[in-house]
Number of protein chains: 2
Amino acid sequence: MLTTTVPQRSSAPFPHREPLARPDDEGRWTADIGCKTCAMAALCTRSPIDRLTHERLNDVVQCVRTVHRGHALYRPGDAFGSIYAVRAGSFKTVVMHREGHEQITGFGIIGDTLGIDGIASGRHSCEAIALEDSAVCVMPFDLLEMLCREVKTIQHHVHQMLGAEIVRESTLMMLLGTMTAEERVASFLADLSQRWEARGYSAAAFTLKMTREEIGCYLGLKLETVSRTLTKLQRRGLIHACGKDLRILDIDGLRKLATDVGPASFRGQPHRQAFGYAPETRLPEYRPGGH
Amino acid sequence: MLTTTVPQRSSAPFPHREPLARPDDEGRWTADIGCKTCAMAALCTRSPIDRLTHERLNDVVQCVRTVHRGHALYRPGDAFGSIYAVRAGSFKTVVMHREGHEQITGFGIIGDTLGIDGIASGRHSCEAIALEDSAVCVMPFDLLEMLCREVKTIQHHVHQMLGAEIVRESTLMMLLGTMTAEERVASFLADLSQRWEARGYSAAAFTLKMTREEIGCYLGLKLETVSRTLTKLQRRGLIHACGKDLRILDIDGLRKLATDVGPASFRGQPHRQAFGYAPETRLPEYRPGGH
DNA sequence: CGGTACGTTGATGGTGCTCAATTTACGTGG
DNA sequence: CCACGTAAATTGAGCACCATCAACGTACCG
């Protein structure tokens, strides 16, 4: 299986990574490896599909492309031709303004789909950067569209995938528009945990492939605020963060922080801030917002 | 043309609106009125299409539905069956958390598409509320999907529409994640102006159908901040805001504010705030951020 | 060992939120 | 018609949250 031949230890420093099953100079690997061989195929489609449909989808994946850490899978302005399914590794997608204004719109981990930002205009509007040495399935979009016209279930899958991205972004907009720093970080960790769990990994312990600055850029916070908030959550006994290694000690507590928000007039009240910077090791009872 | 039979004077008080070409109790109007009769058809599809394709699309629009001010076109949890094109009036789309936490994800004006948030799960994830008495074309999604399988150009239109929504939301995320209050309001006004212009209306003068609170909820600000920022922009001579009537005096100045942002370390510097609350009627030269 | 990238923590101040008062406009009912 | 209640908008005062600036510790290579 490919997922075992691609380097997954992201701790390997970029310029000194071990030799891979070497693709060409452009980082493209033209071996014919489709969904049949991929452990994550079910995740790409996000719902059960019959074997025949699966085989047809398999034909769309014509090659696997590897992207090294720090390199771009595509850049803004690149012609849009394919969408990509992450087979190994992880990515960040970044929208840019001129003059260094940028916002990370998402982190793609194994099983996620990348590249759909190019559908609208035929050119990519954002940038997908590998956070570690990674590999994606390349699915030419015109082939996929052709298949959509033939197979109703596949058409449905594609529409659901696009729809899910729209809903995901709405949720993130609410986070950016209405949540405090603490709620944002808690949401972020709870979401990551749930996604790893859905992929068969541990929900309680995983490695953050992104830096504090990238987390902040995603959540609309500065890196110092992210760092401080992580320590605060740790003092409350909700998580244990040691550098990029993260252990979640109280997932329910995190979820409560992320969603159980009182009316705006209750947030930021002085008496609720009273113990905000007090030397707390583990509060006996923490009341997030409500009763 | 329908657009002339539907009440467009939103200033008419809600309970005293004049009698419409009356729909049934549910607000549904089953008259067979399709794209052929709609002046906004070109906007629905957003790109030139041939006459034959147009006629096929026409078959999908099976009825027009009217929605009165303050009422919902659909609510979270409603079964998803159709997408809607705004023929007259305007809407807000709202994502909700429990306990009154809400975020407006967009304002739909004439020619915009609503309802695609339901594609992912088969149920709507947000709420579309009419800001004034409005009318939408109802397009059953299964019919549209069927047509997509037959006509490649229509398939392309649908994919582009979904893709455009994804890109729109990315842009909004950047606004929410990185911009100051002033930049957000300027972006909002410049965007609205551009959209009205694209629909053949004046880019320089239009009516805001939404309240200050709704603008704030969309931009991630409080209503007081929106109000203060509008007055500030007015004092600078960029706009003239009289209640809900808005005139744009310097669209280039607005766009500059919205996009021409220096590095973060330059924003919010004391010397740039110095004249922030000074009694300014119209500054001879205003330097937004750059050189 | 020195350079760089990353992370943590502290001190300080600004942007925008909160609370509050006032004005205007609108719809309802007297 | 005017009085009244409600919703919307504007403006002011105070301060909380988070950004900014800064110092320091650590890990990882060259």
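In what follows, chains carry the letters A, B, and so on, assigned in the order in which the sequence lines appear, proteins first and then strands, with residues in each chain numbered from 1.
Contact annotation: B:T225 does not reach the phosphate of C:dG16 (side-chain N/O to OP1 or OP2, under 4.0 Å). When the side-chain nitrogen and oxygen atoms of A:S227 are compared with OP1 and OP2 of C:dT9, none of them lie within a distance under 4.0 Å. Of the side-chain N and O atoms in B:K222, none sit less than 4.0 angstrom from OP1 or OP2 of C:dC19.
We find that CG of A:L221 is positioned 11 Å from C1' of D:dC17, with the value rounded to whole Å. For the pair B:L131 CG and D:dA8 P, the interatomic distance rounds to 12 Å; values are reported in whole Å. In this structure, CD of A:E213 is placed 11 Å from C1' of C:dG7, rounded to the nearest angstrom. Between the C1' atom of D:dT10 and the CZ atom of B:R235 lies a distance of 11 Å, rounded to the nearest Å. Rounded to whole Å, atom P of D:dG12 lies 13 Å from atom NZ of B:K232. Distance, A:R228 CZ to C:dG7 C1': 12 Å, rounded to whole Å. Going from atom CD1 of B:I215 over to atom P of D:dA9 covers 8 Å, rounded to whole Å. The separation between A:L219 atom CG and D:dA19 atom P is 11 Å, rounded to whole Å.
Within 4.0 Å of B:L223, counting heavy atoms only, lies at least one base atom of the nucleic acid. Residue B:G220 is in sugar-phosphate contact alone, with no base atom involved, counting any heavy-atom pair closer than 4.0 Å across all strands shown.
A:F107 has its ring centre less than 6.0 Å from the ring centre of A:Y218.
For B:E224, the side-chain atoms get nearest to D:dT11 when compared with the rest of D:dT11, C:dG7, D:dC18. Of the candidate nucleotides C:dT9, C:dC6, D:dA9, C:dC6 has the atom nearest to the side chain of A:K244.
Note on B:R236 versus B:E182: salt bridge recorded, some NZ/NE/NH1/NH2 to OD/OE distance being below 4.0 Å.
The side-chain heavy atoms of A:K209 and A:I109, taken from C-beta on, include no pair separated by under 4.5 Å.
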| said: Evaluate B:I104 against B:I215 for side chain to side chain contact (heavy atoms under 4.5 Å, CB included), listing each step before the verdict. | reply: CA-CA 8 Å; B:I104 292 179; B:I215 296 174; over 6 Å; no
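Of the candidates A:E127, A:E132, A:E214, A:E214 is the only one forming a salt bridge (charged side-chain N to carboxylate O under 4.0 Å, His left out) with A:K92.
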